[in-house]
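The structure is given below, and queries will be raised subsequently.
Start at 1 with the first residue, then count along the sequence. Everything quoted here is computed from the prediction, not taken from an experiment.
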Amino acid sequence: LNLNTVDLLGLIFEITLLAMAIYLYLFAIGKISSPDENIRKKSDAFRKKNGTWLRILSLAMIAIMLINLFLHLQHLWTD
């Protein structure tokens, strides 16, 4: 395993984007909500209006980031 600074930063960036995509999906399906009632009402209205495309795009981003992460790790172990 040969890990230099650029590879490490790229790996951290990919993991961060994957985590953001998972968070976005959980928000889109309503698993994440705010304890503040006013913010919760606004986010529920946003989910109701944009939930379908938000779920589709977040699932696509999760799939892309998982493939990127897999290829990056494969590249690190084969070099």
Side-chain angles (χ1 to χ4, degrees):
L1 182 64
N2 183 13
L3 196 62
N4 61 27
T5 306
V6 175
D7 284 332
L8 183 62
L9 287 175
L11 198 58
I12 291 171
F13 185 70
E14 289 172 356
I15 291 170
T16 303
L17 284 177
L18 177 62
M20 288 170 53
I22 292 171
Y23 182 86
L24 186 63
Y25 178 74
L26 291 174
F27 173 78
I29 63 173
K31 295 290 182 185
I32 296 176
S33 63
S34 174
D36 184 10
E37 185 66 32
N38 193 20
I39 294 173
R40 190 177 323 124
K41 286 180 183 177
K42 288 180 182 179
S43 63
D44 287 341
F46 179 79
R47 261 194 299 272
K48 193 173 193 178
K49 183 178 178 185
N50 302 307
T52 302
W53 67 265
L54 200 57
R55 280 191 296 274
I56 292 169
L57 290 179
S58 62
L59 284 173
M61 187 174 171
I62 290 170
I64 291 168
M65 291 316 301
L66 283 173
I67 292 169
N68 270 349
L69 198 55
F70 173 75
L71 291 174
H72 195 141
L73 291 173
Q74 184 182 28
H75 172 73
L76 288 176
W77 268 292
T78 56
D79 282 349

Lys41 with Asp44: basic N within carboxylate O range, under 4.0 Å: no

Hey, can you pull the donor-acceptor pairs under 3.5 Å for the side chains in residues 62-71, sequence neighbours left out?
none

Compile the donor-acceptor pairs under 3.5 Å between side chains in residues 8-30 and protein atoms, sequence neighbours left out, one pair per line.
from, atom 1, to, atom 2, distance (Å)
Glu14, OE1, His72, ND1, 3.2
Glu14, OE2, His72, ND1, 3.3
Thr16, OG1, Ile12, O, 2.7

Let me confirm one number: the NE2-OG1 distance from His75 to Thr78, rounded to the nearest 0.5 Å.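 If I round to the nearest 0.5 Å, the distance is 6.5 Å.
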
